A.B. asks: 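Following this message is one structure expressed as structure tokens.
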Amino acid sequence: MLIFLGGAVVLLISGSTFLQAMLDSREHPGRFILFWLVCAWLTLTAILLAVFDLLMVRIEARNARRELRAEIERTQSRSGSN
């Protein structure tokens, strides 16, 4: 995810500064569109990876909570039967 974001930032900065003449939308519309589509694709990929990571963390937390509840119930049932 960091690589995708870093690549998008590098493209954004380079497209706005030293590649600006090369990416003039009136002179090179194909190059302009392709460049910014790649930048948008990298950004969208990073966002989707972040959402996926967030969902995985929530699933793992839910599973850990279930395991903890089961462990507490087992401990209480052993304590209650003694």
Side-chain angles (χ1 to χ4, degrees):
M1 182 169 51
L2 183 63
I3 293 171
F4 287 113
L5 279 178
V9 168
V10 166
L11 285 176
L12 179 67
I13 292 170
S14 61
S16 298
T17 56
F18 63 89
L19 291 179
Q20 192 171 15
M22 219 174 100
L23 296 172
D24 186 24
S25 62
R26 293 176 192 225
E27 292 180 25
H28 309 284
R31 230 186 269 170
F32 176 82
I33 291 170
L34 181 65
F35 181 84
W36 291 111
L37 279 176
V38 168
C39 188
W41 175 76
L42 288 173
T43 304
L44 202 63
T45 302
I47 290 169
L48 291 175
L49 281 172
V51 169
F52 176 73
D53 190 37
L54 177 67
L55 292 174
M56 292 304 294
V57 167
R58 289 183 68 177
I59 289 170
E60 289 176 10
R62 186 182 319 134
N63 289 339
R65 240 180 310 184
R66 286 181 186 163
E67 289 177 18
L68 183 59
R69 283 184 189 141
E71 180 66 30
I72 290 171
E73 288 174 6
R74 279 195 300 265
T75 304
Q76 287 176 347
S77 67
R78 274 188 253 155
S79 298
S81 64
N82 287 338

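This one's a predicted model, so the numbers in the text were calculated from it and none came from an experiment. All residue numbers refer to positions in the sequence shown, counting from 1. Below, all heavy atoms of this structure are taken into account, side chains as well, without hydrogens, waters or symmetry copies.
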A.B. asks: Looking at every heavy atom in both His28 and Met22, which two are closest together, and how far apart are they?
C.D. replies: CD2-O, 3.3 Å

A.B. asks: Taking side-chain contact (heavy atoms from CB on, under 4.5 Å) as the test, write out the residues that go with Glu71, two or more places apart.
C.D. replies: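 If we apply the side-chain contact (heavy atoms from CB on, under 4.5 Å) test to Glu71, skipping adjacent residues, the hits are Arg74, Thr75, Arg78.
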
A.B. asks: Got a sec, which hydrophobics cluster with Val9, joining ILVMFWY side chains under 4.5 Å apart, including via others?
C.D. replies: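 Once heavy-atom contacts under 4.5 Å are chained together, Val9 belongs with Ile13.
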
A.B. asks: Test of understanding: clusters of I, L, V, M, F, W, Y form through side-chain heavy atoms closer than 4.5 Å, transitively. Do Ile33 and Leu11 belong to the same one?
C.D. replies: yes

A.B. asks: Check side-chain contact (heavy atoms from CB on, under 4.5 Å) between Asp24 and all other residues, then give those that pass, not counting sequence neighbours.
C.D. replies: Arg26, Glu27

A.B. asks: Hydrophobic side-chain clustering at under 4.5 Å (ILVMFWY, transitive links): who's grouped with Ile3? Put none if nobody.
C.D. replies: none

A.B. asks: Please say yes or no: joined through hydrophobic side-chain contacts below 4.5 Å, possibly via intermediate residues, are Val38 and Phe18 part of one cluster?
C.D. replies: yes

A.B. asks: Got a sec, which residues hit side-chain contact (heavy atoms from CB on, under 4.5 Å) with Leu49, two or more places apart in sequence or on another chain?
C.D. replies: Met1, Phe4, Thr45

A.B. asks: Minimum heavy-atom separation for Ala8 to Cys39, with atom names?
C.D. replies: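 Shortest heavy-atom contact: O-SG, 3.7 Å.
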
A.B. asks: In Å, rounded to the nearest 0.5 Å, how long is the span from CG of Leu44 to CG of Leu37?
C.D. replies: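 If I round to the nearest 0.5 Å, the distance is 11.5 Å.
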
A.B. asks: Would Leu42 and Phe32 show up in the same hydrophobic cluster when neighbours are defined by side-chain heavy atoms closer than 4.5 Å?
C.D. replies: yes

A.B. asks: How far does CG of Asn63 sit from CG of Leu68, to the nearest 0.5 angstrom?
C.D. replies: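 Between atom CG of Asn63 and atom CG of Leu68 there are 12.5 Å.
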
A.B. asks: With Ser16, which residues qualify under side-chain contact (heavy atoms from CB on, under 4.5 Å), at least two apart?
C.D. replies: Leu12, Trp36

A.B. asks: Can you give each donor-acceptor pair under 3.5 Å made by side-chain atoms of residues 55-62, sequence neighbours left out, with the distance rounded to 0.1 Å?
C.D. replies:
none

